[in-house]
Amino acid sequence: MTGKLAGAVLVVASLACGGIESPSSSSATADCSTLGQVQSVRSTLRDVYLWYKELPDPSPAGFSSPEAYLEAVRYRPVDTSYSFIANKAETDAFYSESQFIGVGLSSRQTGPAELRIAQVFPGGPAAEAGLARGDYLLAINGRAVADLIRTREIDSIFGANQIGVPVTLAWRSLQGGEVQATLTKRVVTIPTVSQTAVFDLPAAQVGYVHLRNFVTPSTEALNVAFRALVDAGANELILDLRYNGGGLVSVAQHLGGLIAGEPSRDQVFIQFVHNDKNTARNSVLRLPVPPAALGVPRLVVIATRGTASASEAVINGLRPFMSVTVVGDTTFGKPVGQYGYDFCDKTLFPVAFEGHNARGEGSYYDGIPADCAAADDLEHPLGDSGEASVAEALAFLRTGRCSATAAAAARALALREAQIGRGLPRGGWRQLVNAY
């Protein structure tokens with residue numbers, strides 16, 4: 001999750017990708033030479049970095065960029081990708097408008113040499129070209145996907161994040177037809193709450209909310225979604241966070257209040273714990289009770305390895321007050337957060353604190369494990385009652401236990417991990433949505 005105040009962005013307890021919002025101050029520098037930028041990053045890290053005592057101290061003059069310096073000094077036993085440097089304008093557009101420049105899709109590696117479409121954002125070039133969830137990507141800019149995965153060029157092959165950049169894709173649809181088209185990058189808006197639904201069970205009305213990110217527009221979108229669920233009489237909730245890598249902690253706090261309602265009013269949601277130089281910044285966020293609060297007694301969250309940061313903070317933060325069951329796969333694991341420090345045309349997001357819940361629980365660097373394993377079923381649309389993770393969530397709410405198919409799903413997920421590995425998120429805000 002991340003947040004902005006006084007020109008600086010903050011990420012708190014962001015699991016997997018993202019952070020938790022909290023006040024922060026800018027670290028802008030007037031010296032935009034390479035050396036000046038490296039020195040700015042160095043001085044910020046030596047003050048606020050959670051593991052500042054572990055920082056090596058190479059000469060700033062020996063680096064070609066601030067990004068190279070960060071890669072050289074980060075505390076790699078834990079921080080392999082949490083801290084990052086991003087383009088300030090792109091970051092502002094994402095967090096303030098839920099927008100990015102691209103073709104409008106996200107993908108998921110489903111085998112050692114296989115890449116499938118996980119999401120297509122409406123109104124973008126990919127949607128207009130006819131790409132859909134579940135399609136198989138075969139080639140990108142004339143290069144076979146299998147080769148791009150093998151050479152680890154799969155991210156860079158999409159080209160610069162600039163309006164007008166062409167990307168030629170070849171894909172096979174779920175119906176079996178093969179298509180090729182050239183898409184041109186432009187501004188794409190990600191719907192923050194992409195869909196809601198109500199499933200009618202014998203003893204419950206189950207609300208379903210698919211939340212894609214925690215950014216400024218998410219707050220009102222969540223208000224609208226939860227008002228609809230209240231009006232429909234929903235008394236249970238499935239929260240789909242399967243691709244949600246995080247964002248603003250203020251949105252996570254608001255969502256927590258919408259879910260928990262009056263019984264958890266003013267309870268501690270997140271505790272922020274900084275390094276020994278910054279203990280004055282230690283603080284807590286408490287749960288509000290927004291007007292559209294649902295106030296369910298338990299929660300089922302659909303998660304994958306792409307569920308991170310603010311998403312994980314919601315799971316961890318609500319567990320002291322209600323039963324929270326995770327369906328799907330283990331989350332990414334990022335129990336730390338960042339502040340954002342602007343310098344020149346960039347923003348540095350260094351890990352600055354851990355996020356704990358009201359019971360002091362956190363440190364889930366290996367992720368939050370799924371209680372009921374289930375596949376991310378690319379053969380079905382998101383929100384479909386027949387999709388494997390939604391079906392498992394409904395089965396749990398119906399019976400109070402994992403289904404017999406959960407054990408088989410767990411074995412399949414373990415096999416997939418062994419075949420393709422867990423993978424590492426890309427740097428910057430794009431890791432929050434794995435968007436191209």
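Since we're looking at a predicted model, the values are computed, not measured.
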Stepwise side chain to side chain donor-acceptor pair (under 3.5 Å) test for Glu354 and Tyr365
CA-CA 11 Å; Glu354 275 199 339; Tyr365 290 99; 2.6 Å; yes
Reported [atom1]-to-[atom2] distance for the pair [X] and [Y], which is rounded to 0.5 angstrom:
X	Y	atom1	atom2	value
Arg74	Ser83	CZ	OG	5.5 Å
Arg116	Ser107	CZ	OG	12.0 Å
Ile368	Thr330	CD1	OG1	9.5 Å

Less than 4.0 Å between a side-chain N and a carboxylate O, is that true for Arg286 and Asp266?
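No, Asp266 and Arg286 are not salt-bridged.
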Less than 4.0 Å between a side-chain N and a carboxylate O, is that true for Arg242 and Asp329?
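A salt bridge is absent here (no side-chain N lies under 4.0 Å from a carboxylate O).
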Pick from Asn213, Thr331, Asn316, Asn244: which one makes a side chain to side chain donor-acceptor pair (under 3.5 Å) with Ser311?
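For Ser311, the side chain to side chain donor-acceptor pair (under 3.5 Å) test succeeds with only one of Asn213, Thr331, Asn316, Asn244, which is Asn244.
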Thr347 pairs by side chain to side chain donor-acceptor pair (under 3.5 Å) with which of Thr91, Asp342, Asn87?
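It is Asp342; the other options fail the test.
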Does [X] reach the main-chain N or O of [Y] with its side chain, forming a donor-acceptor pair under 3.5 Å?
X	Y	answer
Ser389	Gly328	no
Asp135	Ala132	yes
Arg76	Glu71	yes
Asp240	Leu211	no

Where do Tyr82 and Val78 land on the side-chain contact (heavy atoms from CB on, under 4.5 Å) test, with the steps shown first?
CA-CA 9 Å; Tyr82 299 156; Val78 179; 4.0 Å; yes
Please determine whether side-chain contact (heavy atoms from CB on, under 4.5 Å) holds for the pair Gln195 and Leu382, giving the CA-CA distance in whole Å, both sets of side-chain angles, and the decisive distance to 0.1 Å.
CA-CA 9 Å; Gln195 61 191 124; Leu382 292 168; 3.5 Å; yes
Do Arg281 and Tyr339 meet the cation-pi criteria used here (NZ or CZ under 6.0 Å from the six-membered ring centre, within 45° of the axis)?
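Relative to the ring axis of Tyr339, which defines the angle, Arg281 lies inside both limits.
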Working note: Arg46 + Tyr52, criterion side-chain contact (heavy atoms from CB on, under 4.5 Å); need CA distance, chi angles, decisive distance, verdict.
CA-CA 5 Å; Arg46 295 179 74 80; Tyr52 78 92; 5.6 Å; no
Qualifying residues under side-chain contact (heavy atoms from CB on, under 4.5 Å), relative to Pro112, sequence neighbours excluded
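Partners of Pro112 by the side-chain contact (heavy atoms from CB on, under 4.5 Å) criterion, ordered by chain and then number, come out as Gln419, Ile420.
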Report the relative orientation of the aromatic rings in Trp51 and Tyr49; use parallel for angles under 30°, tilted for 30 to 60°, perpendicular for over 60°.
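Perpendicular: the ring planes of Trp51 and Tyr49 meet at over 60°.
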Go through it in stages, so that I can follow the logic: the residues are Phe158 and Tyr436, the test is ring-ring contact (aromatic ring centres under 6.0 Å, His included), and I'd like the CA-CA distance, side-chain angles, deciding distance and then a yes or no.
CA-CA 7 Å; Phe158 279 84; Tyr436 298 100; 4.1 Å; yes
Set out, in order, the CA-CA distance, both residues' side-chain angles and the distance that settles side-chain contact (heavy atoms from CB on, under 4.5 Å) for Gln180 and Leu169, then state yes or no.
CA-CA 6 Å; Gln180 179 171 303; Leu169 301 179; over 6 Å; no
